[in-house]
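Here the structure comes first, spelled out in structure tokens, and everything after it is commentary.
Every chain is numbered from 1 and lettered A, B, ... according to where its sequence line falls, protein lines coming before strand lines.
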Amino acid sequence: MPELPEVETACRGIRPHLVGQRVIRVTVRERRLRWPIPASLVSTLPGQIIRAVDRRAKYILLRADAGTAILHLGMSGSLRVVPCDTPPTKWDHVDIALASGQCLRLRDPRRFGALLWTPHDPAQHKLLQALGPEPFDDGFSDEYLYRVSRHRKVALRDFLLNSKNVAGVGNIYANEALFLAGLRPGRAAGRLKRDDCTRLVDAIRTTLTQAIRAGGTTLRDFQNADGLPGYFQQTLQVYGRAGQPCHRCGTPIRALRLGQRSAFYCPHCQH
DNA sequence: AGAGGTACCTGGCAGC
DNA sequence: TGCTGCCAGGTACCTC
């Protein structure tokens with residue numbers, strides 16, 4: 001479910017309900033996420049006022065005076081803001097109750113997500129410290145992309161999935177951006193020409209912008225903080241469309257296995 | 001240093 | 001209807 005646009009959508013959805021609110025209590029029903037939810041979060045967060053809700057890559061940062069909660073939705077996580085007395089399902093692992101009577105509810109069936117706490121600058125946290133530039137930052141430029149891709153044999157799709165190169169691009173949008181840039185997902189990153197980089201940076205930004213505007217992609221069950229689905233799936237060009245005609249030229253879309261994960265491309269439009 | 005594989009979990013779905 | 005096998009949007013960590 002959650003790639004950068006979904007996380008950004010979630011962030012925007014919860015922000016107005018959280019910022020300025022005092023945390024009343026933290027209820028953990030299942031602490032076994034990717035890493036156990038630390039006791040320090042449960043003991044420190046109550047009483048704190050949420051000062052800001054930020055995103056870095058696919059991490060959501062709930063900033064308070066004593067520290068920052070670092071939240072990751074993994075593959076199946078979602079956030080809702082609901083009245084505290086709403087009965088939880090078996091996947092609603094955490095509630096962060098607010099003075100408003102609402103609570104931020106984390107649901108994560110696969111438990112690949114994470115909820116951590118740091119009393120320090122979260123940018124220095126082990127999980128965030130090695131992240132590459134955000135796709136919308138000036139630092140993510142064609143010059144940058146050209147430089148860091150030199151001599152890399154890794155497939156372009158996998159190069160884009162690596163958060164050290166660019167933060168927050170997952171499998172769906174990597175494939176979609178490569179289609180838009182006219183580049184095959186299996187091509188070696190080191191073979192990018194200068195103008196390929198220009199088109200790719202542009203394509204990544206365009207793809208992500210459109211997806212954010214549509215409220216994310218709904219595959220299976222993604223919902224935003226208000227429980228509404230995303231609509232970007234309706235505009236997917238290649239992802240999950242193996243065998244179906246390319247929207248641009250009609251050639252059947254091909255699926256490719258790169259590592260353990262599928263990639264999709266149009267053999268006519270992408271080179 | 002870089003490339004490739006493994007592991008963490010569970011739900012949904014296609015096929016029989 | 002029920003079983004089996006496969007697939008999944010992420011990413012840290014291990015080995016070669």
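- Remark: A:Arg194 does not engage A:Asp142 in a salt bridge, criterion side-chain N to carboxylate O under 4.0 Å.
- In this structure, CG on A:Leu33 lies 10.5 Å from CH2 on A:Trp35, to the nearest 0.5 angstrom.
- A:Ile172 has its CD1 atom 13 Å from the P atom of C:dT11, to the nearest Å.
- Among the atoms of the strands shown, only primed sugar atoms or phosphate atoms (P, OP1, OP2) are found under 4.0 Å from some heavy atom of A:Ser262.
- A:Glu176 places no side-chain N or O within donor-acceptor distance of the main-chain N or O of A:Ala174, the cut-off being under 3.5 Å.
- Mapping A:Gln260 and A:Arg150 onto DNA chain B by nearest heavy atom places A:Arg150 closer to the 5' end of the strand.
- Heavy atoms of A:Lys90 sit under 4.0 angstrom from primed sugar atoms or phosphate atoms, though from no base atom.
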Parsed dot-bracket for DNA chain C after applying the Watson-Crick and G-U rules with both distances under 3.5 Å and | for other-strand partners is .|||||||.|||||||
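- Here A:Arg111 lies in heavy-atom contact (under 4.0 Å) with sugar-phosphate atoms only.
- The stretch residues 118-133 of chain A touches DNA chain C through A:Lys126, A:Leu127, each having a heavy atom under 4.0 angstrom from the strand.
- Nucleotides C:dC6 and B:dT6 have their P atoms positioned 15 Å apart, rounded to a whole Å.
- Atom-to-atom, CZ of A:Arg110 to P of C:dG9 comes out at 9 Å; the value is rounded to the nearest Å.
- Atom CZ in A:Arg32 sits about 8 Å away from atom P in B:dC9, given to the nearest Å.
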For a quick test of your reading: what N or O donor-acceptor pairs under 3.5 Å do the side chains of residues 117-132 of chain A make, sequence neighbours left out?
{"from": "A:Thr118", "atom 1": "OG1", "to": "A:His120", "atom 2": "N", "distance (Å)": "3.1"}
{"from": "A:Asp121", "atom 1": "OD1", "to": "A:Ala123", "atom 2": "N", "distance (Å)": "3.0"}
{"from": "A:His125", "atom 1": "ND1", "to": "A:Leu127", "atom 2": "N", "distance (Å)": "3.0"}

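- To the nearest 0.5 Å, atom OG1 of residue A:Thr251 and atom OH of residue A:Tyr265 are 11.5 Å apart.
- Distance check, rounded to the nearest 0.5 Å: CD1 of A:Ile253 to SG of A:Cys269 gives 7.5 Å.
- Between the side chain of A:Arg187 and the backbone N or O of A:His271 there is at least one donor-acceptor pair closer than 3.5 Å.
- Geometrically, A:Arg248 engages A:Phe179 in a cation-pi contact defined by less than 6.0 Å to the ring centre and at most 45° from the axis.
- Both A:Tyr59 and A:Asn171 lie close to DNA chain C; mapped to their nearest nucleotides by heavy-atom distance, the more 5′-ward contact belongs to A:Asn171.
- Using a 4.0 Å heavy-atom distance criterion, A:Phe159 is classed as making no nucleic acid contact.
- At whole-Å resolution of the value, CD1 in A:Ile212 and P in C:dG9 are 19 Å apart.
- A salt bridge is defined here as a Lys NZ or Arg NE, NH1 or NH2 lying under 4.0 Å from an Asp or Glu carboxylate O, and A:Glu134 with A:Arg56 meets this definition.
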